[in-house]
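What follows is one structure encoded as structure tokens, with my remarks underneath.
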Amino acid sequence: MLDLEYYGKNFVKEEKSSDSRINGLLGPFSPPLTPLTKVCDTYPILVGILPQICNDVFVSTLTSFTKQTESEVVALINTTINNEKIRMKSFPCVTTPLGNLNDGAFFDFNAYCLFTAASTLLPTSDDRSIFLIQLGKNLLNSVEQTTQIKPPPRTNNLSKSQTYIDEILKFLLKSHFMSSYTIQTFDEFDDEDLAKGNEVEVTISVKDPITITSAMARTGENSRFSPDFIGLLVQAAFSRILPHEIVFDKYFMDSIYRSNPTEYLADEQLEMFTIR
């Protein structure tokens, strides 16, 4: 169960995008198009190289994990991309022609297609877990190679990772992968807990994550193997600095209380990291 008391603790820093638009949030759990939910025109235009990095690194990492060639992996991904029935049902905001990864709506749909293909080629949960960890590392390597973001020396102190994690999140924000985020402050008490062998939990609240529709579509198919490039990058960043096991999970939330559950419209994702 989500610990809301913990969620409310120590959130002192919020960063918002300069782009006032928010992501379209239509998905299999969303109600029919109404004035409340017709937000296709508010999908952001993604900025910079990160959309292409996510796609290319995903394909190369998946190819290395399977016996398929890269062309075979791409062909499997394109099978879902070209499935108009899936696209119209769960991703009605996607318009043709397809293929522009900087189009927020298509990037979201493409993420669904990437993970659908990977679920076919990686049938076991163990294979998928190992794949996601490596994918996060490969994504982080590519981001560091193409930006000015550099990790600090490895340390046992969580508090010394704050600046680096913030840099990663700000890069995601500037790329329009979210409209804002809130993160708690790491302090000496967290450092003491880790030194004593205790687990430390870190929560990051992400507003309007770019892949929330694809993540909920995969969840609606009873799969926990779903898109979350933000969580994967942050997990990899923590692992780069700290000599600890880092695991994370995500939860969807609707920031507006709605008495009718059929009007549920998730617009926030909680990234819950456990450092042990």
Glu167/Lys170 salt bridge by N-O under 4.0 Å criterion |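 Looking at Lys170 and Glu167, the cut-off is not met.
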For [X], which residues count as a side-chain contact (heavy atoms from CB on, under 4.5 Å) partner, sequence neighbours excluded?
X      : result
Ala117 : Leu76, Ile77
Lys174 : none
Asn260 : Thr262, Glu263
Ser125 : none

Which residues satisfy the side-chain hydrogen bond (donor to acceptor under 3.5 Å, both in side chains) test with Ser175, sequence neighbours excluded?
-> none
With sequence neighbours excluded, tell me which residues meet ring pair (Phe, Tyr, Trp, His ring centres under 6.0 Å) with Tyr112.
-> Phe91
Residues in ring pair (Phe, Tyr, Trp, His ring centres under 6.0 Å) with Phe171, at least two apart?
-> none
Roughly how far, to the nearest 0.5 Å, is CG of Leu233 from CD1 of Ile230?
->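 Result: 8.5 Å between the selected atoms.
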Kindly determine whether Asp249 and Arg224 satisfy salt bridge (charged side-chain N to carboxylate O under 4.0 Å, His left out), including the steps that lead there.
-> CA-CA 9 Å; Asp249 207 344; Arg224 293 174 59 83; 2.7 Å; yes
With sequence neighbours left out, which residue pairs that include part of residues 121-139 fulfil the salt bridge (charged side-chain N to carboxylate O under 4.0 Å, His left out) condition?
->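 Qualifying pairs: none.
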Sequence neighbours excluded - salt bridge (charged side-chain N to carboxylate O under 4.0 Å, His left out) pairs with any residue from residues 231-245 = Glu144-Arg240, Glu245-Arg276
Could you list all the ring-ring contact (aromatic ring centres under 6.0 Å, His included) pairs where at least one residue sits in residues 200-231, not counting sequence neighbours?
-> Phe107-Phe229, Phe115-Phe225
Can you tell me which residue pairs pass the ring-ring contact (aromatic ring centres under 6.0 Å, His included) test with a partner in residues 126-166, sequence neighbours excluded?
->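 The answer is Phe58-Phe131, Phe65-Phe131.
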Quick one: which residue pairs count as a side-chain hydrogen bond (donor to acceptor under 3.5 Å, both in side chains) with a foot in residues 45-66, not counting sequence neighbours?
->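 Residue pairs passing side-chain hydrogen bond (donor to acceptor under 3.5 Å, both in side chains), neighbours aside: Gln52-Asp56, Asn55-Asn110, Thr61-Asn138.
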